[in-house]
Protein chains: 2
Amino acid sequence: MAWHYALTIDPAASDDDRDDFADTFTEIDPAAPALNVGELSTQRGDGIFESIGVIDSHAQEVVPHLERLAHSARLCDLPAPHLPQWRQAVDLVAAHAGPGESVIKLILSRGVEHGPAPTAWVTAAAAADFTVPRTRGIRVVTLDRGFDSGAAARAPWLLLGAKTLSYAVNMAAIREAKRRGADDAIFVSTDGIVLEAPTASLILRRGDAFLTPAPTGSILHGTTQLSAFEWLASQGHRTEYASIPASDLATADAAWLVSSVRLAAPITAIDGVPLGGDAEFTAALNAYLLSPRD
Amino acid sequence: MAWHYALTIDPAASDDDRDDFADTFTEIDPAAPALNVGELSTQRGDGIFESIGVIDSHAQEVVPHLERLAHSARLCDLPAPHLPQWRQAVDLVAAHAGPGESVIKLILSRGVEHGPAPTAWVTAAAAADFTVPRTRGIRVVTLDRGFDSGAAARAPWLLLGAKTLSYAVNMAAIREAKRRGADDAIFVSTDGIVLEAPTASLILRRGDAFLTPAPTGSILHGTTQLSAFEWLASQGHRTEYASIPASDLATADAAWLVSSVRLAAPITAIDGVPLGGDAEFTAALNAYLLSPRD
């Protein structure tokens, strides 16, 4: 990792109306030991996170990311993050990111086992070079997510709408995709509804309409998808949240996986079936996603 | 945490036939920072673990735990743990555990993001006092696990038979049980088959037979359940792996959740329906589980 900067936040020190939280931050060396082995983030994947894209030290879409962090905290019974404190931490860390593309990660852990309080930290590191997926595209395979589209409403303890640190299945799905000769995966519910990618949202184009799976609680509401839909609407395109049957994927006119750091990656094939694309349109979308956004 | 001892293992240093791996261990202070924020165990819950009960410095059932660690590694595409190296680490850590009950945790993480190799560590800490659940019992609720009993075979990327660090759902299920006035949960598949508890296995008694859900890949094969079945058989009881419908729970003659550190906790009620018990039998089972076992 090419680290830029990291700090820990004392989330228990935020219970007041002050404007400056600098004394609740502690700079740490991200390449040196910083976490206790008793951390429940590491023992149990018990915590939540956000990954924020950073362009030339400007953190993108910080408010939607912080709102989703708060939403994940509610679903996981974690104390509500004090958003002004986190905002200041993000701005401080972003200022150390320097030129080019970076990624900021926010982590709120349940803390050390039997410890008094949650622990939290924010890091910035150089982003990987995503020129190839953004321009040449990615091949995806569909993978069974194991649950039906009613599970989230029926069983909130499955934490399906929370961005938790328990991402082993997401990582295993990407390995499975690579084993099948693809680059990434799209999860499908057992009742055949398209969900999301392991670390991205899906956007389809059908005629002049852009569709994305409705964030009904089974999936995360993608911050980059939200931002892309705003831009598409401003360009006069129709956008729509929909329940998308997996059988509709092969007949889409174009499709993208969108996420905060890789941005828009056009899909060139789904389960081996080639998909059309529009290189000029994708370039315009990524130019927008690379421009400073709040 | 009342820590006894901790060490890191260099799992990459095990590729030879030597008998002594002491130079691949590094003692660490478990109460001090020891892990990098780039750890994939903490960022992604991407790793595997085992919890081993320790009685008076004797680690229980080490071989089945190490075999399950190797099984989890295979399911998660992690390098195979070199079992003689791990065995020596367990013995060394157990020797520092002292008198009374302790717990040893083994963790094999995918390592630091973009790092060269997995990371691993072993800790020992004092166990909590489980006298109350062992003697007075626990109330449990059944909770929907979200997937059907065929999911594990159909979608191995769901990692259902692996003991991964991605336990946020297991922890959320225990919180949901407590919200409902119970102590613990039993997961049930969407097709109504009894699975396991978030951190324990289920054993039922029906007449003179002891049953446990068959470890078909949807659940972990409990090391304490295995050991309890051996003891039950030695006492002349019939033991059986079975597909148990959730509707059979209420009519069991007795039931226990068994796990490596809490041992056998008799279930006093399932979803509010009282269940019979046998305090003398439970005491004999726990006396066996507290005796030195290999």
Side-chain angles (χ1 to χ4, degrees), chain A residues 1 3 6 8 28 30-49 75-77 105 107 109-110 112-115 121 123 125 128 143-148 151-152 154-160 162 164-173 175-176 185 190, chain B residues 1 3 6 8 28 30-49 75-77 105 107 109-110 112-115 121 123 125 128 143-148 151-152 154-160 162 164-173 175-176 185 190:
Chain A
M1 293 291 288
W3 294 105
T8 58
I28 57 171
L35 305 175
N36 193 302
V37 288
E39 256 294 327
L40 291 167
S41 57
T42 211
Q43 286 192 27
R44 301 294 198 183
D46 198 0
I48 56 178
F49 78 105
L75 292 176
C76 293
D77 305 311
K105 292 201 180 183
I107 292 192
S109 157
R110 204 171 299 277
V112 172
E113 192 172 10
H114 308 302
W121 57 97
T123 62
L143 291 181
D144 183 348
R145 186 61 186 84
F147 60 76
D148 60 277
R154 199 172 67 231
W157 50 87
L158 300 178
L159 307 178
L160 294 177
T164 77
L165 300 174
S166 285
Y167 254 42
V169 168
N170 304 54
M171 300 295 102
R175 289 196 301 276
E176 176 67 17
T190 53
Chain B
M1 293 292 288
W3 293 106
T8 58
I28 57 171
L35 306 175
N36 193 301
V37 288
E39 255 295 328
L40 291 167
S41 58
T42 211
Q43 286 192 29
R44 301 293 198 184
D46 198 359
I48 56 176
F49 77 106
L75 292 176
C76 293
D77 305 311
K105 291 200 184 184
I107 292 191
S109 157
R110 203 169 301 276
V112 171
E113 194 172 7
H114 308 303
W121 56 98
T123 63
L143 291 180
D144 182 347
R145 186 61 186 82
F147 59 77
D148 61 275
R154 201 173 63 231
W157 48 89
L158 301 177
L159 307 178
L160 294 177
T164 78
L165 300 174
S166 286
Y167 254 42
V169 168
N170 304 55
M171 300 295 103
R175 290 196 301 277
E176 176 67 18
T190 53

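In what follows, chains are A, B, ... by sequence order, proteins preceding strands, each numbered from 1. Source: prediction; values computed, not measured.
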*For the residue pair B:K105 and A:V37, establish whether any side-chain heavy-atom pair is separated by less than 4.5 Å.*
no
*Is it the side chain or the backbone of A:A32 that comes within 4.5 Å of chain B heavy atoms, both, or neither?*
backbone
*Would you mind checking which part of A:I48 comes under 4.5 Å of any heavy atom in chain B, side chain (CB onward), backbone (N, CA, C, O), both or neither?*
neither
*Out of A:G45, A:S166, A:A6, which one racks up the most heavy-atom pairs below 4.5 Å with chain B?*
A:S166
*asked:* Please classify the contact of A:L165 with chain B as side chain, backbone, both or neither, using a heavy-atom distance under 4.5 Å.
replied: both
*With a 4.5 Å heavy-atom cut-off, do B:P33 and A:L35 have their side chains touching?*
no
*asked:* I'd like to know which of B:D77, B:L75, B:L159, B:D46 tops the heavy-atom pair count under 4.5 Å against chain A.
replied: B:D77
_The criterion is ring-ring contact (aromatic ring centres under 6.0 Å, His included); which residues satisfy it with B:F147, sequence neighbours excluded?_
none
*Where is the tightest heavy-atom contact between A:L158 and B:G146, given as atom of each residue plus distance?*
CD1-CA, 3.6 Å
_For the interface with chain B, which of A:G38, A:P30, A:A168 has the highest count of heavy-atom pairs at distances below 4.5 Å?_
A:A168
*Those residues that, when tested against B:R154, pass salt bridge (charged side-chain N to carboxylate O under 4.0 Å, His left out) (two or more places apart)*: A:D144, B:D148
*Give the member of B:M171, B:R175, B:Q43 that has the highest number of heavy-atom pairs under 4.5 Å with chain A.*
B:R175
_Side chain proximity check, B:L143 to A:W157, heavy atoms < 4.5 angstrom_ = yes
_Structural part of B:R110 lying under 4.5 Å from a heavy atom of chain A_ = side chain
*Residue among A:A173, A:G47, A:A31 with most heavy-atom pairs under 4.5 Å to chain B*: A:A31
*Could you look at A:E113 and say if it's the side chain, the backbone, both or neither that has a heavy atom under 4.5 Å from chain B?*
both
